[in-house]
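Notes follow the structure.
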Amino acid sequence: MSFNCRFAPSPTGPLHIGGVRTALFNWLLARKNKGKYFLRIEDTDKERSKDEFKKQIISSLSWLGIEHDGEEYIQSKNISKHVSIAEELIKKGFAYECYCSEEEIHEQKEKCKKQGIPYVYNRKWREAKDLEIPKGVKPVIRFKSKISGNTIIKDLVQGERNISNSTIEDFVILRKDKSPTYQLSATVDDHEMNITHVIRGDDHMINSFKQKQIYDAMGWNVPNFAHIPLIHSEQGKKLSKRDNASKIDDYIKIGIISDAFRNYLLRLGWAHKDKEIFTKQESIDLFDLNGVGKSPSKLDMSRIYSINETYIKTIDEKDLFNFFKEYVSKYKKPIDKSKEAVLLKSMSFLKNKAKTLEDIWNNAQYIINDKIEIDSADKKLINDLSKKIIQDFIKEYEKLETLSKETLEPVIKSLINKHKTNFKAVGQPLRIALVGSKFGPALYDIILSLDKPKVVNRLSIFK
RNA sequence: GGUCCCAUCGUCUAACGGUUAGGACAGAUGGUUUUCAAUCAUCUAAUCGGGGUUCGAUUCCCCGUGGGACCGCCA
């Protein structure tokens, strides 16, 4: 059995987290089964489709490492094919021209609303031999949906789904301007692309019933469907593009690592025993549709941070540095070449206090900037004794020929003894002077990550 | 309102008729620590309610309740 999957977003807005997870699941299923994964841009809504969104979608997916096979497929390029299928459906008696004006439909809807009954298109033109075709009204083409019986879909996630055909209206497949609608285009393209597995959000369930009728009418093989539960906002509603932090860019911007994000998405609605952390390869090997739950899941920011933190702590420091470099050059300020070596070396401790790449950036400010700003409240913590200690430290520090934790430690200890005090009284003023805040990395790490002249310079201010 | 669906700690989830209902995040407490973190240890916390079926139900069935999705000439 072949596995051809696809992700088919419409470029009418930035890619959001639900879409990415759909893409991920499709990609995973294809890769696991040695099948193909395609990307199809559904740009048949000319008004709202934008090239910038298309670019953003492609770049977000590639950031996540979800690489599609072949070129991306642009749906609008296949419109003439969609139209020809609509014509074929008319010929076969599965579709018909409907001359109801938009006003007429609108009126019907209002009427239903007032009476409190559900609106279903009244199929007025379905068998319209006696009706007079109104002048000046361009028809839409509607699919002749089944009136009786039931349609069953064996959904790979939801199980068997059954719906009474009478509840499916005669949906439009060609607009009055002869352009195909989603139901038609998606079905024709899925067929043409030989898609075998359609994984999409649960909000598409009803569409699958409609589309199955098109497949049947054309005598095409119906693909397998898998409707995955939606991701809900923290308010428990379907995530929309307007929700905060629903866009992938928002996560990239705060310094989430793509592997961590992929891992988070994987575990949202899917589980494999108690396992929490999955490498890319593990996720391909272990993913299956059986593990996908049926109920919607809520977005949990603290979990995203937590997984990201785990990745920051455990991945190779060189890789971490590269992610960091890439991140800051895009969202902060490119790193000066002269600082690269020391930053790479310092990753070992800068990462200790970081949940995101942005945190590392903040922690590294005292290295990245030649001049530091000292927090005014912390500056007050430096009293006369502190100044004496700082001056004493400079003298001893300048004498040191090799700099290491082993050589610095005795210096600090002797200062504690000399001034009959504790570590805090020595360490805190030094940290404030060198970093600009009483919060910062461990003292020896700070000193060793700065040039000798710079240490002396920053300390000399306090006399 | 109509149609369809879902229901285990606050959150993500495990347990596919038999477990003291497990793990992770968050929260709490304590140890360690040179600040903040980190780390380690410990703790708190769930099967929506009611009926069945069964020797036994988180698990199967029904009814309630709660929540969600869809109801476009958007995709």
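Only heavy atoms go into these numbers, but all of them, side chains included; no hydrogens, no water, no symmetry mates. Below, read A as the first sequence line, B as the second, and so on, with proteins coming before strands; counting in each chain starts at 1.
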Verify stack between A:H272 ring and B:A14 base, 5.5 Å, 30 degrees: no
State which of B:A75, B:A26, B:U3 makes the closest approach to the side chain of A:K355. B:A26
Hey, is A:D378 close enough to A:R431 for a salt bridge, meaning N to O under 4.0 Å? no
Any idea which of B:G22, B:A75, B:C12 is nearest the A:Q75 side chain? B:A75
Regarding the side chain of A:K238, the nearest nucleotide among B:A38, B:C6, B:A69 is B:A69
Just how far, in rounded Å, is C1' of B:A14 from CG of A:L286? 15 Å
Would one find a side-chain N or O of A:R200 under 4.0 angstrom from OP1 or OP2 of B:A69? no
Atom P, compared across B:U65 and B:U13: separation rounded to whole Å: 26 Å
Do any N or O atoms from the side chain of A:Q211 and from the backbone of A:T187 form a donor-acceptor pair under 3.5 angstrom? no
Starting at CD of A:E276 and ending at C1' of B:C25, how long is that distance when rounded to a whole Å? 8 Å
Can you figure out which of B:C73, B:G23, B:A38 approaches the side chain of A:R175 most closely? B:C73
Classify the nucleic acid contact of A:E47 as base, sugar-phosphate or nothing, counting any heavy atom under 4.0 Å across all strands shown. nothing
Rounding to an integer number of angstrom, what distance separates B:C25 and B:U42 when you compare their P atoms? 14 Å
Mate of B:G56 where both pairing distances stay under 3.5 Å, Watson-Crick or G-U: none
Presence of A:S297 side-chain N/O under 4.0 Å of B:U13 phosphate oxygens OP1/OP2: yes
Residue matched to B:A15 through Watson-Crick or wobble contacts both under 3.5 angstrom: none
Over all strands shown, is A:K275 touching base, sugar-phosphate only, or nothing at heavy-atom distances under 4.0 angstrom? nothing
Would you mind pulling out the nucleotide paired to B:A37, Watson-Crick or G-U wobble, both distances under 3.5 Å? none
Watson-Crick or G-U counterpart of B:C43, or none if no pair lies under 3.5 Å: B:G27
Whole-Å distance between B:A75 C1' and A:Q183 CD? 9 Å
Under a 3.5 Å distance rule, please check whether A:N165 uses its side chain to pair with a backbone N or O of A:I168 as donor and acceptor. no
In whole angstroms, how far is the P atom of B:A21 from the NZ atom of A:K273? 21 Å
Scan A:V140 against the nucleic acid and name what it touches under 4.0 Å (heavy atoms): base, sugar-phosphate only, or nothing. base
In whole Å, I'd like the distance from the CG atom of A:D155 to the P atom of B:C6. 10 Å
Could you check which residues of residues 420-447 of chain A get a heavy atom under 4.0 Å from RNA chain B? Sort them by number, please. A:F423, A:R431, A:K438, A:F439, A:G440, A:P441, A:A442, A:L443, A:Y444
With a 3.5 angstrom cut-off on both distances, give the Watson-Crick or G-U wobble partner of B:A69, or none if there isn't one. B:U3
Pair A:F287 + A:F25: ring centers closer than 6.0 Å: yes
Any donor-acceptor N/O pair, A:R21 side chain to A:L268 backbone, under 3.5 Å: yes
C1'-based separation of B:A41 from B:A57 [nearest Å]: 36 Å
Whom does B:U20 pair with, Watson-Crick or G-U wobble, provided both distances fall under 3.5 Å? none
Is there a donor N/O on one and an acceptor N/O on the other, under 3.5 Å, for the side chain of A:R267 and the base of B:A24? no
Can a donor-acceptor pair be found, under 3.5 Å and without considering hydrogens, that links the side chain of A:S179 to the backbone of A:R175? no
Is the count of non-hydrogen atoms from other residues, nucleotides or ligands lying under 6.0 Å from A:K424 atom NZ greater than 12? no
Separation of the C1' atoms in B:U8 and B:A14, to the nearest angstrom: 10 Å
Base, sugar-phosphate alone, or nothing: which one does A:C98 contact when heavy atoms must sit under 4.0 Å apart? nothing
Among B:C73, B:U3, B:A75, the one nearest any side-chain atom of A:R142 is B:C73
Taking the same atom, C1', in B:U34 and in B:A26, what whole-Å distance lies between them? 28 Å
In whole Å, what separates the P atom of B:U59 from that of B:G52? 14 Å
Any chance the rings of A:H204 and A:Y182 have centres within less than 6.0 Å? yes
Watson-Crick or G-U counterpart of B:U32, or none if no pair lies under 3.5 Å: none
What residues in residues 206-218 of chain A put a non-hydrogen atom under 4.0 Å from any atom of RNA chain B? A:I206, A:N207
One thing to verify: whether A:K388 and A:D384 come together as a salt bridge, which I'm taking to mean a side-chain N less than 4.0 angstrom from a carboxylate O. no
5′-ward residue of the pair A:S306/A:K176 relative to RNA chain B: A:S306
For A:H232 and A:L239 the tightest heavy-atom approach is C-CD1, 4.1 Å
Output the rounded distance in Å from CD (A:E42) to C1' (B:G72). 16 Å
Mapping A:S295 and A:P180 onto RNA chain B by nearest heavy atom, which one lands closer to the 5' end? A:S295
Any ion pair linking A:E42 and A:R6 (charged N to carboxylate O, less than 4.0 Å)? no
A:R48 CZ to B:G72 C1': how many Å, rounded? 10 Å
Rounding to an integer number of angstrom, what distance separates B:G68 and B:C43 when you compare their C1' atoms? 35 Å
I'd like the C1' distance from B:A15 over to B:A24, given in whole Å. 15 Å
Rounded to whole Å, the CD-P distance (A:Q158 to B:A7) equals 10 Å
For A:E358 and A:Y327, the nearest pair of non-hydrogen atoms, with its separation, is CB-OH, 3.4 Å
Would you say A:I85 and A:W220 make side-chain contact, with heavy atoms under 4.5 Å? yes
